[in-house]
There are 2 protein chains.
Amino acid sequence: MLNRPERIEGTRNIPEATVARLPLYLRALASLADQDVAVCSSKELATAAGVNPAKLRKDLSYLGSYGTRGVGYDVEYLRYQIARDLGQTQAWDVVIVGVGHLGSALSGYRGFTSRGISVAALVDTDPTKIGTVVAGLTVVALDDLPEIVQRHDISIAVIATPGPAAQMAADALVAAGVTSILNFAPAIVTVPDGINVRKVDLSVELQILAYHEQRKSSLAAPESDEEVAG
Amino acid sequence: MLNRPERIEGTRNIPEATVARLPLYLRALASLADQDVAVCSSKELATAAGVNPAKLRKDLSYLGSYGTRGVGYDVEYLRYQIARDLGQTQAWDVVIVGVGHLGSALSGYRGFTSRGISVAALVDTDPTKIGTVVAGLTVVALDDLPEIVQRHDISIAVIATPGPAAQMAADALVAAGVTSILNFAPAIVTVPDGINVRKVDLSVELQILAYHEQRKSSLAAPESDEEVAG
DNA sequence: CCTTGTGAAGCTGTTCACAGCC
DNA sequence: GGCTGTGAACAGCTTCACAAGG
């Protein structure tokens with residue numbers, strides 16, 4: 001009775017690390033389905049997703065018991081269950097703020113436009129960009145955010161502005177009613193409680209690789225096998 | 001002799017989680033330096049970097065004792081020390097494979113072109129792209145990789161191809177002598193031992209946000225404060 | 001006083017190894 | 001026999017709280 005790890009009022013409590021891997025399993029299952037594989041073992045699926053089989057089974061166990069012992073997992077069934085838990089049975093419209101190179105690239109990025117997610121609007125503050133058409137969408141002004149968010153019932157936004165503009169973008173998004181933000185800008189944005197922010201920092205990833213490269217080359221004799229997680 | 005946690009032959013053993021945050025500290029320090037701040041406390045720096053002060057101090061303690069008790073950290077001095085540990089005192093040339101929307105965006109991305117890192121070459125397999133100029137660089141064929149890697153002494157590459165082409169790109173990069181890869185393609189690439197691969201999956205990030213959104217809306221009464229790490 | 005640097009505690013995530021079930 | 005599901009051990013990361021030192 002001390003710790004109740006199971007679930008809170010009917011909703012399963014899935015660890016964050018597991019949530020982050022579920023989309024990978026989903027993609028691996030889609031790939032297997034394309035190859036007309038109907039059933040697969042944890043080992044096969046784990047290989048396709050690039051993880052350890054034990055980890056995969058542990059992850060899936062947080063969702064429920066969707067496999068068959070001695071057999072494996074039904075590809076389509078498991079696929080549906082994961083999609084369900086991830087919230088992909090409903091459609092999500094997102095808005096992208098900042099239509100520079102990155103914002104334009106994201107607008108047309110497959111995977112942003114599939115998996116239940118679709119880019120519904122593009123916003124920028126630059127008057128020369130407002131009104132132009134990118135990836136089939138007309139860029140609108142920041143002032144139009146509240147109306148757009150309400151019209152499309154948007155709760156998720158992407159910030160792809162330069163660093164200094166990110167906080168202003170976040171403020172505008174929160175004011176407009178957005179509650180989850182994916183931030184690509186190289187800046188820390190602060191938001192009220194209850195708003196989710198995830199940060200993806202492209203240059204940081206390269207700097208991490210550079211660190212490991214430097215470390216490799218500074219060790220004349222490589223002592224042990226090291227791995228960097230994918 | 002069982003576990004030797006400290007260091008291996010003069011080289012400090014910095015935890016992976018710490019390495020991933022050092023670039024953030026570096027950026028925060030740069031920002032403070034721009035505002036002519038000469039000294040800062042762990043609390044100030046932590047706020048600027050968006051982390052807990054205790055975590056910041058712990059992280060810095062892996063590099064050495066660069067602060068002054070009762071005073072704080074010298075901004076320029078700490079900045080140099082972190083840059084040094086991250087390997088930014090040397091220049092890194094990188095090659096980008098795949099010059100689609102994302103690859104083009106990355107080519108011109110500031111932060112890819114600063115911090116000791118610069119994009120030295122762009123590679124694609126599409127004959128209609130080869131020879132075109134993107135972000136000041138002429139796109140070359142995949143066959144030219146070995147020569148390019150050797151000429152620029154490149155050890156770090158970025159894969160920005162469609163998913164199905166990623167493994168071929170990785171194979172070509174490894175064959176050409178690249179030892180670290182940042183993979184933006186929605187696919188698992190397998191590489192020989194000793195090659196570092198980091199994966200950034202843009203659509204996965206959105207799916208994670210969608211999960212949390214769904215969870216929020218399915219809970220009529222929000223039970224507890226939850227946070228999503230940045 | 002002040003703030004850093006750090007053992008120690010606690011938490012989260014991973015891996016193992018095997019019981020349970022087909 | 002084979003494979004899933006899972007307790008338990010393990011490893012790594014975070015946070016606390018305080019000693020060390022300006």
Side-chain angles (χ1 to χ4, degrees), chain A residues 2-7 12-22 24-25 29 37-47 49-75 77-78 81-82 208 224 226-230, chain B residues 2-7 12-22 24-25 29 37-75 77-78 81-82 208 224-230:
Chain A
L2 279 187
N3 50 356
R4 63 171 79 188
E6 285 312 303
R7 49 189 73 181
R12 293 172 190 84
N13 211 12
I14 306 176
E16 195 56 33
T18 296
V19 172
R21 281 187 296 264
L22 290 180
L24 302 180
Y25 303 155
L29 285 167
V37 177
V39 173
C40 68
S41 67
S42 66
K43 198 177 164 190
E44 289 172 287
L45 184 52
T47 303
V51 302
N52 181 309
K55 196 189 291 191
L56 168 71
R57 291 202 301 276
K58 189 68 143 183
D59 283 343
L60 294 183
S61 78
Y62 292 115
L63 311 187
S65 292
Y66 297 139
T68 310
R69 296 175 200 230
V71 180
Y73 300 93
D74 182 287
V75 170
Y77 180 60
L78 182 59
Q81 294 298 343
I82 295 179
I208 295 171
S224 60
E226 278 193 81
E227 200 96 348
V228 169
Chain B
L2 279 188
N3 51 355
R4 63 172 81 187
E6 284 312 303
R7 49 189 72 181
R12 292 173 191 83
N13 212 11
I14 306 176
E16 195 57 31
T18 296
V19 171
R21 280 186 298 264
L22 290 180
L24 302 179
Y25 302 155
L29 285 167
V37 177
V39 174
C40 69
S41 68
S42 66
K43 198 177 165 191
E44 290 172 286
L45 184 52
T47 303
V51 303
N52 181 310
K55 196 190 291 191
L56 169 71
R57 292 202 301 275
K58 189 67 143 184
D59 283 342
L60 295 183
S61 78
Y62 293 115
L63 311 187
S65 292
Y66 296 139
T68 309
R69 294 174 201 234
V71 180
Y73 301 92
D74 182 287
V75 171
Y77 180 60
L78 183 58
Q81 294 298 344
I82 295 177
I208 295 170
S224 61
D225 44 355
E226 277 193 79
E227 201 96 348
V228 170

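So that the names make sense, note that chain A is the first sequence line, chain B the second, and so on, each numbered from 1.
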Mind calculating the distance between CD (Glu44(A)) and P (dG2(D)) to the nearest angstrom? 15 Å
Among dG22(D), dG5(D), dT15(C), the nucleotide that comes nearest once only the side chain of Thr68(B) is considered: dG22(D)
With rounding to the nearest 0.5 angstrom, report the CG to CG distance, Leu22(A) to Asp59(A). 6.5 Å
Asp59(B) CG - dT14(D) P separation (whole Å): 7 Å
Which part of the nucleic acid does Lys58(A) contact within heavy-atom distance under 4.0 Å: base, sugar-phosphate only, or nothing? base
Would you tell me if any nitrogen or oxygen in the side chain of Tyr73(B) comes within less than 4.0 Å of OP1 or OP2 on dG5(C)? yes
Measure CD/Glu16(A) against C1'/dC11(C) and give the value in whole Å, please. 15 Å
Looking at Arg57(B), I'd like to know whether one of its side-chain N or O atoms comes within less than 4.0 Å of OP1 or OP2 on dT14(D). no
Pick the nucleotide of DNA chain C nearest each of Ser61(B) and Gly70(A); which residue has the one closer to the 5' end? Ser61(B)
Can you check side-chain contact (heavy atoms from CB on, under 4.5 Å) on Tyr66(B) and Leu60(B), steps first, answer last? CA-CA 8 Å; Tyr66(B) 296 139; Leu60(B) 295 183; over 6 Å; no
Is there a donor and acceptor pair, one atom on the side chain of Arg69(B) and one on the base of dT3(C), closer than 3.5 Å? no
Note: for Val71(A) and Arg21(A) on DNA chain C, the residue whose nearest nucleotide lies more 5' is Arg21(A)
Can you tell me if the side-chain N/O atoms of Ser42(A) get under 4.0 Å from OP1 or OP2 in dT4(D)? yes
Could you tell me how far apart Lys55(B) (NZ) and dG12(D) (C1') are, to the nearest whole angstrom? 13 Å
